[in-house]
Amino acid sequence: MRTDLHLEELVLRLLCTGASQSAVRDGLISLLRGYRWKSTLHHAIFNAIESIPSDNSEVLRQLLPAKLTRMGFPDVEWEELFAPPSMSGEEAIALARKMVGGM
């Protein structure tokens, strides 16, 4: 059984890799704006991703570390966040709906 923290990580990984299309990225961000993140770090990562107007993984790789450091999170395991996602964009949208709905 996957934990809430693992589910959050899966969705963030999809957003970080740029594997999603813009419509999927926009849908995930819209859905997760009202989500109560279980991890403060995951919430900060989401806020940083949302503030970057690009779904290009190279752009995110360049900008996220500095943004997260300014937000008080200098030591983030970046390799995990930029690992290939294990789900499609459609699966991530379905997962985000479950997360927001409290599963």
Side-chain angles (χ1 to χ4, degrees):
M1 185 172 149
R2 295 177 174 174
T3 66
D4 290 345
L5 292 176
H6 182 70
L7 297 176
E8 289 179 359
E9 189 176 298
L10 290 174
V11 171
L12 290 172
R13 187 183 304 165
L14 188 88
L15 287 169
C16 284
T17 60
S20 61
Q21 301 148 343
S22 291
V24 172
R25 179 186 190 276
D26 294 345
L28 285 172
I29 288 174
S30 178
L31 278 168
L32 294 172
R33 275 192 186 117
Y35 175 66
R36 296 191 90 174
W37 294 86
K38 308 302 184 258
S39 164
T40 304
L41 173 59
H42 290 169
H43 190 201
I45 292 168
F46 174 77
N47 286 335
I49 291 169
E50 183 180 24
S51 73
I52 298 171
S54 175
D55 60 358
N56 181 294
S57 64
E58 291 306 313
V59 171
L60 291 170
R61 250 185 218 272
Q62 290 175 356
L63 298 178
L64 276 176
K67 281 195 170 287
L68 267 290
T69 296
R70 287 191 300 272
M71 295 169 83
F73 296 93
D75 301 318
V76 175
E77 298 284 333
W78 294 111
E79 292 313 307
E80 286 185 29
L81 280 172
F82 286 97
S86 59
M87 69 178 77
S88 70
E90 293 76 21
E91 291 170 321
I93 293 273
L95 177 60
R97 285 189 177 116
K98 287 181 184 176
M99 289 166 61
V100 169
M103 289 198 231

List for me each residue that meets side-chain contact (heavy atoms from CB on, under 4.5 Å) alongside [X], sequence neighbours excluded, and say none if there are none.
X   : value
S54 : I52, N56, V59
R36 : none
H42 : L5, E8, E9, L12, W37, S39

To the nearest 0.5 Å, tell me how far [X] [atom1] sits from [Y] [atom2].
X   : Y   : atom1 : atom2 : value
M87 : L10 : CE    : CG    : 4.0 Å
R61 : T17 : CZ    : OG1   : 9.5 Å
S57 : L81 : OG    : CG    : 12.5 Å

Taking every non-hydrogen atom, the tightest pair across [X] and [Y]:
X   : Y   : result
L31 : R97 : CD1-CG, 3.8 Å
I93 : G27 : CD1-C, 3.9 Å
K38 : D4  : CE-OD2, 3.3 Å
A92 : L14 : CB-CD2, 3.4 Å

The single option from V24, L28, L60 passing side chain to side chain contact (heavy atoms under 4.5 Å, CB included) against L15: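 With L15 as partner, V24, L28, L60 yield a single side chain to side chain contact (heavy atoms under 4.5 Å, CB included), made by L28.
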Results of side-chain hydrogen bond (donor to acceptor under 3.5 Å, both in side chains) for R33 - residues two or more places apart only: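 side-chain hydrogen bond (donor to acceptor under 3.5 Å, both in side chains) check on R33 returns E50.
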E80: which residues meet the side-chain hydrogen bond (donor to acceptor under 3.5 Å, both in side chains) condition with it, sequence neighbours left out?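 Counting only residues at least two positions away or on another chain, E80 forms no side-chain hydrogen bond (donor to acceptor under 3.5 Å, both in side chains).
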My understanding is that only residues two or more places apart in sequence, or in another chain, count here; which of them pass ring pair (Phe, Tyr, Trp, His ring centres under 6.0 Å) with F82?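 Testing F82 for ring pair (Phe, Tyr, Trp, His ring centres under 6.0 Å), a comparison that skips the adjacent residues, returns none.
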Donor-acceptor pairs under 3.5 angstrom involving side-chain atoms of residues 62-72: please list them, not counting sequence neighbours.
{"from": "K67", "atom 1": "NZ", "to": "S51", "atom 2": "OG", "distance (Å)": "3.3"}
{"from": "T69", "atom 1": "OG1", "to": "P65", "atom 2": "O", "distance (Å)": "2.8"}

Output all residues satisfying salt bridge (Lys or Arg N to Asp or Glu O under 4.0 Å) with E58, sequence neighbours left out; order by chain, then residue number.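 Expected list: none.
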Between I45 and F73, is the side-chain contact (heavy atoms from CB on, under 4.5 Å) condition met? List the steps. CA-CA 9 Å; I45 292 168; F73 296 93; over 6 Å; no
